[in-house]
Structures are given as structure tokens and as C-alpha cells.
Amino acid sequence: MKRPEDLRSFRWFGPPTMRGFSHRSRMEQTGYRREDFAGKPVVAIVNTWSEINPCHGHLRERADAVKKGVWQAGGFPVEIPAFSIAETYVKPSPMMYRNLLAMETEENLRSLPIDGAVLMGGCDKTTPGLLMGGISMNLPFIYLPAGPMLRGNWKGQPLGSGTDLWKFWAERCAGTISETEWNEMEGGIARSPGFCMTMGTAATMTALAEALGLTLPGASSIPAVDSHHVGMAIGCGNRIVEMIWEDSKPKDVLTGESFENAITVDMALGGSTNAVIHLIALARRCGLDLRLNRFDEISRKVPVLADIRPSGRFLMEDFYYAGGLRALMAEIRDLLHLDCRTVNGHTLGANLEGACVYNSEVIRTRENALEASGGTAVLYGNLAPCGAVIKTSAASGPLMQHTGPALVFSDYRHLEEQIDREDLEVTPDSVLVLQNAGPLGGPGMPEWGMLPIPGRLLRQGVRDMVRISDARMSGTSYGTCVLHVSPESYAGGPLALVQNGDLISLDVPNRRLDVLVAEEELGARRAAWSHPAPRYRRGYGALYAEHVTQAHEGCDFDFLETGEDTPEPEIH
Ligand code: FES
């Protein structure tokens, strides 16, 4: 156990020096007395609240609840704002800014008199961004997920974020939904603060934070506006103070086995494919070499039990009432490493004691799984030498083995110009290919991977086709979409060499993705290929372009992965 003089913040607030005087007097400037903060655990509440991010609209009040918990436990809370990365609004792609939030989190914690933190986020990139920064700084922290919003509602039908937007937009394009109905849905799909309430990236990543042991038990499933969410916030404030005295750090909790738990839970949830990239990045921050094929190996053994859209029928509010993540993990406890430690000081196994499923339609039994195995499959082949992923639980069975002619779009603008042309040479057997949508090409790997079905085919009743890109796909999306093709086309990966009419073979059972073109011909195309012009010459974009890694490596910055420890700041 630490003593007050061992606290990191004591280096600022303790010494009887001129600098100590300065640090204390400035805190007293805000009305506090020296005994309120000097020798007390100083807890940063890193808050991604912003008026431009409705998913985090309640986090200002939740910060107050965390503060209450910190005060109750004898600590000193300070709220620190951080980039909210509002998924809906941030362009060209929120993914481009995940690493910026990670840097901001790490450097906030490093440069200030902080002993530990409660990190608050939930909207897609905020969870991995906050966790990556927190892990690299390696001070005690707890993650407090923002929680999902309430179910959407339209004419008594539940509406799911993203998933029902895509679904009804296809119907709108096919002419089966009126403008009035479409406008009514716009007002009914997002009814409260909180993150997307389908099993999108937000719900997936917050659940995986819990599976990793970085939240208090049950935290990820509580709807944002439920009173239990307030109680959870207070509990985080209480516990972080204990963790600081215990010196319980994230790298004490995170192991190869805890990452395997997260992958297992991801598969049982039918989670977002984005989790693959984020988990690899998080593992690398811990110095763990998590490979893409490990996801496939685990996927083959884990049934999909969460009947949540887009893979299933229900929404996150239903998931909470059905028992939430603890209940789901209890169903697959034999597949988990139960002795992994968690931030509450107990093992995962201990935290699952007493958890049970209250509605086996929402959290299914193993015998009645949504899919017997394989929420996400990893593919390799001459089109994806370093891998690609497909969310099989949200794809169409008949397309899992398919060979068809490529219809290539050189970038997203080209796709938008062409996709609804009446003379587009496309059939339901065509394979839609989008180039230049990867980490560098997008830039930021936008969620364009659920390429729209051509308007002409929509009107003929076609609702799914094989689609391939180096982009990502929203966790709320669905369809037979091969994503994260690596290396990306912008960097000269084989996807850049595909031309209209090339036969492409997708073989999910055998985990293959190939373009059926002779190697000599591909070699000639490669020799003729030239690198596109850089997207950025200055600013964050230039830093990003110089250092971001490829999808199979986690898209982190190469200089932020593990290496030499960053020194603590000297205080003069
Ligand atoms: Fe914030 Fe979906 S827009 S989680």
C-alpha cells in the first residue's frame, strides 16, 4: 500500500519548496485548502463530453457522480476534457483521430499531478483511444462506458442505430418507403443520450473493455439514462481511490489471456469487425503480439449467443434486461480464462458468480446459438496477403462461397458517381470492389465497407452482394462485406491491381480471398502502378500519414507502440 508521500501528485503538492508553494497556491486559488488535495489521491476524470457528441450528452452529470465517489473515498477529483470524436460528425474519418485521443489521454495523465483516472467514453473510437492512452501511461485507471441509448421507436417498432438506417435507406432507394415515413424515422431512431444501441463498435468495444477487466463488473451494459449508471459512476469514484493506494495498474491486469477473453466475448456477441483493429492496437500497447489469425482460431470455437442487431433481432436495452454482459460471459465461462484479474481487485470468475440469463431469446443458450461458431472470419489469399476480415454472422450464407466478376470503383467519389447509373454493367453475381479506402487511402479507413447495392439491382429486389474493400464497416452494418484488406490499395496492395471483369473468388469456409488472374499479368499491372500523391503535407494529417500502421497491425502510430518507457516529467 502506498503512503501519502508516495503518491505521484505529492511530487507537485508535497515539497516545501518555491515550486511546491506555487502548485499548492494555484489549487487554493480555486477555493480548496491544502489538506483537501496534498497527500490525497488525485483522480483525473478524463471526460469526452461535448455538445457535438450526443452519445456523451450525459457525461457532464456523470463526471459529478464520479467526483462524489472520489470524495466519499478520500480522494481529490479533477475533471479533464478530452477530444469527444463524435462518430457521426468527425471527417474524413473518426478513426484517423483515435490515435490523437490516445496521445492526448496519455500526455494529460503524464504532464499533470495525477495519481489515477476514471476514463469516460463510449462513442466508437473513444473507448480504444482512451484505453490506449491509459495503458501507455500505466497509472491506475477504471473505464466508465457511457452506456447505450434507449431503443429507437417508430410506429411501435423498435429501431436500431445504423442497422435500421441502412435497412430503410435501401427500401427508400427501392421506393418502398415514403418520404413522410422516412422523416418520421429520423425523429424516432435516437431517443436519449448514450451510444448506438445495436451491437456496433461502441457496444462491442465497451463490452470488450469489461471483458479485459478494465471496467467494474456489469458496467458496459447499463443504458446511459438508467439510474444504475449513476450508481456505477459513483462506484468508479470509490474504487479508483482504493486502486491508487494499492498501486493497481492496467498492465497488471492485461495479459495475453485477458485479450483472449476479449476476443472470445467479441465472437459470442457477434461484435463489430472494428474490434479486431482496436484489440490488436491495445495488445501492442501492452507489448503483446496479438496476430490476426488468433481471431479466426478463437472464432471457430465460440458460438454467437447475443441475438442483437445487426446479426440478430434485439437491441442493447433488451440485452441489459436479459442479464447483460455478465450473463453472456457466464454462458461461455468454460471458454474464458476465469483467473484473469480485473480492476475491482477480483478475478473475472469471481465477478461472474450469480450472473444468469433472464431472457434466453436475447442471450441465447449454447444449444440454440444464433451461429454455432465464427462471428468474424479472417481471410488470406493473393488479394489479401496480410489478411482481411468478414463478419459472417451479418453476411448471407449463399454468398459465403462465390466467384464473380469485379466491378471496381477507384475511390468513394467514383462509387457515388457510378452506383446508381441505369447503364452500370452489374449483375447480382458481380463483386463490388472499392479501392483507396484504407488507413492511408481513405484516409483513416472510413466505414465505407458496406458498399451500397446499385439502385438498379435494389429495385429488382437484390439486398446483398459480395463487396470487398480496404475500408472498415460500421459495427451496425451488415451484408457480405470483406473488409480491412491488407496491405491497402493506396500503399500498393494487390487490391490496387484489380480491374473490371477480373474474377474474384471468396471462399469463407476455406478462409480464402483471391483474384483469379495469372501472376504474370498481376506483375505487369504492379510494374505499371504508381503511388498516389500524398493526402497531407502538414499538420496532424502529415504526422498520421507518416506513422500509421496497416489494418492487420492495428493502425496505431509506430512510435506509440511499446518501446522505451517515456520518462516522468521533472519538476523544477
Ligand atoms: Fe456515437 Fe454510434 S454515433 S456510438
Side-chain angles (χ1 to χ4, degrees), residues 47-60 62 82-98 101 119-131 143-152 158-169 185-210 215 219-226 229 266 269-275 277-278 308-311 315-317 319-320 325 391 394 444-450 472-478:
N47 194 352
T48 50
W49 172 86
S50 161
E51 282 183 336
I52 200 72
N53 191 347
C55 301
H56 297 176
H58 55 311
L59 292 188
R60 277 264 45 263
R62 288 303 173 277
F83 192 1
S84 67
I85 320 187
E87 184 70 19
T88 313
Y89 298 119
V90 171
K91 310 294 177 192
S93 164
M95 181 64 176
M96 203 170 137
Y97 294 98
R98 180 199 66 178
L101 174 60
L119 310 178
M120 299 203 307
C123 192
D124 292 18
K125 308 306 173 289
T126 56
T127 299
L130 289 164
L131 296 183
Y143 188 60
L144 174 59
M149 66 178 101
L150 298 176
R151 296 182 198 100
L159 287 182
S161 317
T163 305
D164 286 313
L165 167 67
W166 324 129
K167 185 174 112 184
F168 286 113
W169 177 243
M185 285 181 204
E186 184 178 298
I189 199 164
R191 296 171 47 227
S192 79
F195 54 68
C196 291
M197 72 329 230
T198 41
M199 190 52 73
T201 304
T204 303
M205 286 309 302
T206 50
L208 302 194
E210 182 169 341
T215 75
S220 65
S221 311
I222 308 172
V225 294
D226 194 294
H229 199 273
D266 180 29
L269 290 171
S272 164
T273 43
N274 287 322
I277 297 174
H278 298 318
I308 310 289
R309 296 178 205 186
S311 302
L315 296 169
M316 288 304 292
E317 194 179 340
F319 185 67
Y320 179 56
L325 189 71
K391 184 170 180 173
M445 248 185 134
E447 292 184 334
W448 293 334
M450 182 186 170
R472 295 174 302 114
M473 174 173 93
S474 165
T476 64
S477 299
Y478 53 90

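Index from 1, following the sequence. Counting starts at 1 for both ligands and their atoms, following the listed order. Keep in mind it's a predicted model, so treat the numbers as computed, not measured.
- In this structure, OH in Tyr143 is found 11.5 Å from CG in Leu208, a value given to the nearest 0.5 Å.
- A donor and an acceptor atom, one from each side chain of Thr163 and Tyr478, are nowhere located under 3.5 Å apart.
- For the atom pair CE (Met316) and CZ (Phe319), the distance works out to 5.5 Å, reported to the nearest 0.5 Å.
- Residues Ser161 and Arg309 have side chains not in contact (no heavy-atom distance under 4.5 Å, counting atoms from C-beta outward).
- With sequence neighbours left out, Thr48 forms a side chain to side chain donor-acceptor pair (under 3.5 Å) with His56.
- Side-chain contact check for Ser272 and Thr201: at least one donor-acceptor pair (N or O, by modelled atom type) lies under 3.5 Å.
- Protein N/O/S atoms nearer than 2.8 Å to atom 1 (Fe) of ligand 1 total 2.
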